[in-house]
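Below, chain A is the first sequence line, B the second, and so on; all start at residue 1. Values in this document were obtained by computation on a predicted structure and should not be read as measured data.
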Protein chains: 2
Amino acid sequence: MSVTDISMSQTDITYTHPMGRWQPDARGRLGAAAIELYLSQGFEATTVAQIAERAGVTERTFFRYFGDKREVLFAGSQELLDAAIAAVRNAPDAPALDLVAAGVDAAAGILQLRQDHARVRQSILDANPSLQERELLKMAALTSGMASALVERGVDPVDAGLAASLGVSVFSQGFVRWIAADERRDYLEIVRESFERLRALAG
Amino acid sequence: MSVTDISMSQTDITYTHPMGRWQPDARGRLGAAAIELYLSQGFEATTVAQIAERAGVTERTFFRYFGDKREVLFAGSQELLDAAIAAVRNAPDAPALDLVAAGVDAAAGILQLRQDHARVRQSILDANPSLQERELLKMAALTSGMASALVERGVDPVDAGLAASLGVSVFSQGFVRWIAADERRDYLEIVRESFERLRALAG
DNA sequence: GTCTATAGGGCGATAGAC
DNA sequence: GTCTATCGCCCTATAGAC
């Protein structure tokens, strides 16, 4: 049950840091500190104060960058979402489910590059229902984002919602299999096979 | 994006209340008080202390019945889950997607009886992402519950997961349409039409 | 039942960059 | 002067420990 996220550091790299009073990249340091602590002590046992201290900032600064303690683990999910939606938007004309497949392919292709990180992150999520909830919310955002992109391309709204749901189901279920220890195939391959199975199931 | 829950009062009705020192059905009163306050003041603005006071119990009692402030809105979702899983288990032999359809039918049939309440509850959820997260977790539980039931009946695990996901997608999307003000059809009808569309999409 | 740690938000102050 | 990042200290409610 889960997917998402890539980079821990999401700082705006086009902005040259003033390099004055404070160390640059507070966001990146907070993200790294959080993952280290969540891994070594567990998510619940880690306080925001500890994260902030390790990153050399105050608690208040943590909440400036991340709305809550969970959000720090989802810094990369926006990138995934954007890539998927862009792919749906730009795919060559085709039936709705194929457009969604293009979006899912794009997202899987990004995750693919960081299987090690995905596994670490997933091990943290697996132990915490409250993190799983957040993950589900991100997946719901992916669903509605792709659905909107389909509607923009002229797909009927009901069909768009269903097709996007199917795509995200394939993506999520494929993810679980992909990070399993004994799985040798790559993510894209798994996702594509799942789409085939899905067509068979419905037909 | 949402579904679930029926009754606010989930007290064990087979148990005859002692009717002694305390008013009976503390759980039911807490549930009713919470919904009233969430509606009139908003979810965030309502404190557990207010709910407890209105129900005539202490804060501590609230947390004895409900794990957290959100859970009070999901008292009925277990019933829905159980009904769906039982239906999948007991449906006559058929392809996986038809078994899932039986489960979804059962759940929709229950919700059907309380459209007014479903609308009220949904209006509270719509305004609060943290409640939407919890709803998604319940839907995920429904998915994995139905998937397990399918596996028990001999369906391949991967197919089971996909089929259950499809079913829950239909259920959730159908729910949104069903509670829309201008929708005249009943929930079961909408759900059945969605299954048809889904087959068309994949075919 | 009571007690307490912690999440998370409000807001003005401060120290730099431009 | 303006803007932006951070601090620091305020607060309350949640949720869990005892």
Could you tell me how far apart [X] ([atom1]) and [N] ([atom2]) are, to the nearest whole angstrom?
{"X": "A/Trp22", "N": "D/dT4", "atom1": "CH2", "atom2": "P", "value": "14 Å"}
{"X": "A/Gln41", "N": "C/dT6", "atom1": "CD", "atom2": "P", "value": "11 Å"}
{"X": "A/Ile51", "N": "D/dT6", "atom1": "CD1", "atom2": "P", "value": "16 Å"}

- request: Taking salt bridge (charged side-chain N to carboxylate O under 4.0 Å, His left out) as the test, write out the residues that go with B/Asp82, two or more places apart.
  value: none

message: Less than 6.0 angstrom from the centroid, inside 45 degrees of the normal: does B/Arg121 satisfy that with respect to the ring of B/Phe74?
response: yes

query: Which nucleotides of nucleotides 8-18 of chain D have their base under 4.0 Å from a protein heavy atom (B), which only their sugar-phosphate (S), and which neither (-), written as one string 5' to 3'?
result: BB---SBB-BB

- prompt: Just wondering, do B/Thr47 and B/Glu59 contact through their side chains at under 4.5 Å, heavy atoms?
  reply: no

task: Determine: side-chain N/O of A/Tyr65 to OP1/OP2 of D/dA5, distance under 4.0 Å, yes or no.
output: no

query: For B/Arg54, what residues pass the side-chain hydrogen bond (donor to acceptor under 3.5 Å, both in side chains) criterion, not counting sequence neighbours?
result: B/Glu36

message: Between the base of C/dT14 and the side chain of A/Arg21, is there a donor and acceptor pair under 3.5 angstrom?
response: yes

query: With a 4.0 Å cut-off, would you call A/Arg197 and A/Glu193 a salt bridge?
result: yes

message: Between A/Arg119 and A/Ile179 (side chain of the first, backbone of the second, donor and acceptor by atom type, cut-off under 3.5 Å), is there such a pair?
response: yes

